[in-house]
Amino acid sequence: MGVTAGLVLPAWLTACSDDSNGPEVKYDGVVGIVGAGAAGLAVADYLISKGIKVKIFEASGRIGGRIKAIKPSDPIYNELAADFHVELGADRIFGTDSEFGNLIKLLKVPTVKFREEPTNAQDYYIINDEYSTQAEAEARGDFQALKIFRETGLAAYTGGGSVQDAAATTSDLQPILNSWLGNAYGSSADRIGANALGEALSLIEHDKKEFMLVTNPISDVLTSKYARALKRVTLNSAIKAVNYSGAGVTLTVLDTDANTESTVEVTKLVVTSPVNVLKDSSLISFSPALPASKTSALSRIGMDASIRIILEFTRNNFFKKPDGTGPAPAFIYGGVECPSYFFSGVGRSDKNLTVSLTINGPKAEELRALATDDERIQRILDEMDVVFDGKASLNIRKRFPEDGGTIISVIKDWTAEPYILGGQSYPLVGGTNDDRVALAEPIADKIFFAGEATDVTGEFGTISGAIKSGERAAEEVVAAILEENASA
Ligand SMILES: Cc1cc2nc3c(=O)[nH]c(=O)nc-3n(C[C@H](O)[C@H](O)[C@H](O)COP(=O)(O)OP(=O)(O)OC[C@H]3O[C@@H](n4cnc5c(N)ncnc54)[C@H](O)[C@@H]3O)c2cc1C
């Protein structure tokens with residue numbers, strides 16, 4: 001296994017030019033697209049398939065948005081024990097029959113369901129600073145009750161308050177609740193609205209199975225499937241102002257390299273900016289201003305800080321129970337400083353010494369407030385050392401360990417990405433799915449909205465949700481054009 005296997009295999013990388021979106025649409029205009037993440041690329045691909053001209057403006061210097069991996073060409077890759085692409089944003093695919101799951105199937109990309117054969121990795125739990133296997137946790141009545149709440153209870157919940165209020169679990173298991181239904185949805189259980197998250201979970205139609213790509217970074221799937229869209233992307237081009245008061249749409253484009261501004265005319269525009277960018281009119285402003293229905297919806301959708309930390313260990317048996325011989329760990333849930341430790345090499349690497357930590361919401365804000373990366377890592381190691389009797393610090397991989405050494409780590413702070421500004425959208429207490437419907441609503445058949453936050457099918461905060469939102473917005477653009485053609 002390992003990364004090189006992927007690099008020699010991928011006939012599929014160039015194999016996909018899917019023209020299956022139906023007949024061409026007559027249109028002389030140009031549709032602008034703000035953002036070259038999964039949603040923006042999906043919009044572009046669909047419109048190109050209809051023969052519609054598109055221009056994608058991407059503020060950063062790369063495509064992919066919240067999809068980004070450490071690749072062999074990155075200098076840090078050679079220092080890591082990992083012999084696979086280490087994802088710094090989205091790392092798992094939800095649903096083998098979800099939008100993105102189906103795409104992966106179509107492209108025949110090698111995948112692993114890491115909790116199933118042949119890996120059979122299991123989740124472990126931290127409960128009151130003690131390390132528990134899945135079986136040990138399952139033996140507790142309060143754990144069983146929380147599991148039922150997670151699997152079916154929340155989806156059926158119609159009361160108010162936060163996820164934490166609705167779960168009403170024992171104090172012992174609050175951190176596990178927070179791992180499962182707080183951090184995993186981009187924040188903490190006391191910030192996320194129970195009603196809206198439950199509503200979203202009840203809308204999901206895929207099988208909810210989790211899996212990973214074995215040999216390729218997730219971005220390979222995007223660049224393969226959306227190859228024809230890539231040529232339409234202009235990097236380092238931030239859309240600062242959108243004026244749609246005239247017949248078309250005038251964009252003020254900031255060249256983020258040269259720090260110069262210019263204007264570009266398009267006839268329609270699809271905006272895929274994340275929620276925190278949309279909320280900040282110094283980053284993107286609209287004239288006329290966004291309608292109250294949207295600003296009101298935005299006030300009930302949160303997007304918190306999000307940090308991915310990659311740490312590696314020189315051995316992994318102390319993460320297994322009993323006596324270092326148990327099943328390989330997939331996740332460790334229940335940490336307070338870090339609610340989600342993921343063994344991202346599971347099923348992809350024979351070594352499996354890499355731990356990918358995802359820290360969202362208040363704990364990510366606390367980490368961001370610390371002065372140095374050393375302090376951030378120390379805070380995490382302190383938590384692990386309590387659970388693993390000091391073995392985390394003892395076995396952490398270092399450069400020049402014989403001289404005391406420095407810890408090898410990667411920290412990706414998503415809030416520091418100037419046109420992303422956080423992790424993923426989530427419903428605040430009092431929010432509902434209608435907020436996403438309002439956010440997605442086109443304005444004057446000229447300005448359209450996509451991006452994970454505008455998914456109305458319960459899959460916000462995911463790649464599938466982003467792609468589905470892009471396809472939905474592209475269909476809205478085509479419908480508007482057809483209507484204009486019919487009345488011309
Ligand atoms: C740490 C982390 C872990 C995650 N894990 C998973 C996971 O395991 N599975 C999963 O399915 N999902 C996961 N997600 C969520 C997933 O990554 C996102 O839902 C998805 O990638 C969002 O795609 P998008 O196109 O909506 O937005 P983005 O990927 O954010 O793309 C938006 C793009 O627009 C650009 N942009 C914004 N404003 C402007 C502007 N004014 N002008 C020009 N360009 C602009 C941005 O630079 C960005 O490139 C994770 C996210 C994070 C942060």
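In listed order, ligands and their atoms are each counted from 1. Because only heavy atoms are used, hydrogens play no part in the values below, and waters and symmetry mates are left out as well, while side chains stay in.
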Would [X] count as a polar contact of ligand 1, with the cut-off being nitrogen or oxygen pairs under 3.5 Å?
X	result
Gln424	no
Ile463	yes
Ser273	yes
Arg308	no
Arg92	yes
Ser306	no
Ala59	yes
Glu58	yes
Ala39	yes
Gly423	no

* To do: Please check if the distance between the ring centroids of Tyr124 and Phe331 is under 6.0 Å.
  => no
With heavy atoms under 4.0 Å as the rule, classify the contact between [X] and ligand 1 as side chain, backbone, both or neither.
X	answer
Phe460	neither
Ala453	neither
Phe57	backbone

* **The single option from Ser187, Ser306, Ser188 passing side chain to side chain donor-acceptor pair (under 3.5 Å) against Asn360** => Ser306
* To do: Can you pull out the closest protein heavy atom to atom 15 (C) of ligand 1? Residue, atom name and distance to 0.1 Å, please.
  => Gly461 O, 3.2 Å
* Asked: side chain to side chain contact (heavy atoms under 4.5 Å, CB included) with Val253: which of Asn236, Thr234, Ile239?
  -> Ile239
* Shortest reach to atom 41 (N) of ligand 1 by a heavy atom, considering only Thr462, Ile467, Ile239 -> Ile239
* **Closest candidate by heavy atom, reference atom 6 (C) of ligand 1, pool Gly32, Ala90, Ala36** => Ala90
* Who pairs with Asp373 by side-chain contact (heavy atoms from CB on, under 4.5 Å), at least two apart in sequence or on another chain? -> Arg376, Ile411
* At what distance, to the nearest 0.5 angstrom, does NZ of Lys71 lie from CZ of Phe84? -> 15.5 Å
* To do: Calculate, to the nearest 0.5 Å, the distance between atoms CG and CG belonging to Leu177 and Asn183 respectively.
  => 11.5 Å
* Can you tell me if Ala450 has a non-hydrogen atom under 4.0 Å from ligand 1? -> no
